Amino acid sequence: MRLHEYLGLELTGDWLVQYYHTLEGIPLGWSLDMIIPPSAQFKPETTAQLYAGLNSNVGNHHFSLGAYYKRMNNLVYFSDASKLFDSSTAGWKDNIETGSGTSRGLEFSYEKTGEIFTCRVGYTLSKTDRLFPNLNKGEAFPAKYDRTHILNTTASLRVLSREKVDLSISGLFTWQSGHMETVTAGSWWFSTPVLGYVEQDFYTSFNNYRMPPYIRFDLSAVLEIKTRFPQTVHVGVYNVFNRHNPFTLSYDPDTKQWQQISLLPIMPSLKYSITF
């Protein structure tokens, strides 16, 4: 809806029924999601979302600012990850809890278009929680992928434009709050009749540790040669800063320390193509 020549209002509402579940609470360090189908015990997940925002177009500049609220029901959480693949535990489904979740936040974006220079900036401030009556003493806790801040920027500049040659450079920068993990807060000793004194870890809450922020800068250049057989040369550098961004945590039982695992350091690339 247009409020003014340069100002618009957007109001949306969405209702989604998802006929599969992404199982939360799987073992720490797993990069894959576990998918389980709905059943009489685990009803399909439902999501309701409301969004309200303003947008503006002034020449080749576009702005938008909005807020959203999302409510999720029938979420599933595996309460005892140590038994997930225990063949002796036939009733592993008994360890799945059902609950709800909320997500709310503010979103801002700016985009500038042009033949020579184009850029886009997007920022999200958000909070995502989970609530399972039988977990965490019935108190809400952050979702695994709750990221308070997400900033993404891209820019492209045409450096050279001739009849037969085009050269452009582009960059991407992203800064995101780290995701959440559940780590031990300490340990305590207790006595057993058979084993004697045994050390037991204890946790303050679910998803009680936020990983370091994810920061990455990519840079690339594209050269287009317009001849009878068009040619393209693409040179890029992924993760220019060679930052060891956190992927997950690994626990060393001998040293009783958590160690960060990182993937994909600085990575250059070269691509050449010719069209016949």
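Keep in mind that the numbers below use all heavy atoms, side chains included, and drop hydrogens, waters and symmetry copies. Keep in mind that what you see is a predicted model, and the values were worked out from it rather than measured.
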Verdict with supporting geometry, Leu151 and Val121, side-chain contact (heavy atoms from CB on, under 4.5 Å): CA-CA 7 Å; Leu151 173 66; Val121 179; 4.0 Å; yes
Find out whether [X] and [Y] are in side-chain contact, i.e. whether some heavy atom of one side chain is under 4.5 Å from a heavy atom of the other.
| X | Y | value |
| --- | --- | --- |
| Asn136 | Arg130 | no |
| His179 | Arg147 | yes |
| Pro230 | Thr275 | yes |
| Arg104 | Thr102 | yes |
| Asp146 | Asp129 | no |
| Ser156 | Arg120 | no |
| Pro246 | Pro212 | yes |
| Ser103 | Tyr68 | yes |

Cluster question for you: counting only ILVMFWY and a side-chain heavy-atom cut-off of under 4.5 Å, with indirect links fine, are [X] and [Y] together?
| X | Y | answer |
| --- | --- | --- |
| Val222 | Phe217 | no |
| Ile169 | Ile116 | yes |
| Phe132 | Phe42 | no |
| Ile266 | Phe173 | yes |
| Phe63 | Leu106 | no |

Is a donor from one side chain sitting under 3.5 angstrom from an acceptor on the other, for [X] and [Y]?
| X | Y | result |
| --- | --- | --- |
| Ser161 | Asp166 | yes |
| Ser109 | Glu111 | no |
| Tyr110 | His62 | no |
| Asn152 | Thr174 | yes |
| Glu45 | Asn74 | no |

[atom1]-[atom2] distance between [X] and [Y], expressed to the nearest 0.5 angstrom:
| X | Y | atom1 | atom2 | result |
| --- | --- | --- | --- | --- |
| Met180 | Tyr145 | CE | OH | 13.0 Å |
| Thr124 | Phe108 | OG1 | CZ | 11.0 Å |
| Ile36 | Tyr20 | CD1 | OH | 12.5 Å |
| Trp175 | Thr153 | CH2 | OG1 | 13.0 Å |
| Leu65 | Asn55 | CG | CG | 10.5 Å |
| Thr227 | Lys164 | OG1 | NZ | 8.0 Å |

How far apart are the closest heavy atoms of [X] and [Y], and which atoms are they?
| X | Y | value |
| --- | --- | --- |
| Pro44 | Val17 | CB-CG1, 3.9 Å |
| Asp218 | Asn239 | OD1-N, 2.9 Å |
| Pro142 | Asn207 | O-ND2, 2.7 Å |
| Glu139 | Leu131 | C-CD1, 3.8 Å |

side-chain hydrogen bond (donor to acceptor under 3.5 Å, both in side chains) assessment of Ser220 paired with Ser170: CA-CA 5 Å; Ser220 64; Ser170 60; 2.8 Å; yes
Intermediate values then yes/no, ring-ring contact (aromatic ring centres under 6.0 Å, His included), Phe206 and Tyr77: CA-CA 11 Å; Phe206 286 77; Tyr77 196 101; 5.5 Å; yes
Verify the neighbour count for atom [atom1] of [X]: are there more than 12 heavy atoms of other residues, nucleotides or ligands below 6.0 Å?
| X | atom1 | value |
| --- | --- | --- |
| Tyr272 | OH | yes |
| Lys112 | NZ | yes |
| Lys43 | NZ | no |
| Gln41 | CD | yes |

Test side-chain contact (heavy atoms from CB on, under 4.5 Å) applied to Arg71 and Ser100, step by step: CA-CA 8 Å; Arg71 174 74 178 184; Ser100 60; 3.5 Å; yes
Heavy-atom donor-acceptor pair, Asn60 side chain to Thr113 backbone, under 3.5 Å: yes
Side chain Gln260, main chain His244, donor-acceptor under 3.5 Å: yes
Geometric class of the Tyr123/His149 ring pair [parallel <30°, tilted 30-60°, perpendicular >60°]: parallel
side-chain contact (heavy atoms from CB on, under 4.5 Å) between His21 and Leu23, worked out: CA-CA 6 Å; His21 290 290; Leu23 185 60; over 6 Å; no
Results of side chain to side chain contact (heavy atoms under 4.5 Å, CB included) for Ala155 - residues two or more places apart only: Phe117, Cys119
Asn57 and Tyr6: CA distance, side-chain angles, deciding distance, side-chain contact (heavy atoms from CB on, under 4.5 Å) verdict: CA-CA 6 Å; Asn57 292 289; Tyr6 300 111; 6.0 Å; no
Ionic contact status for Lys144 with Glu181, cut-off 4.0 Å: yes
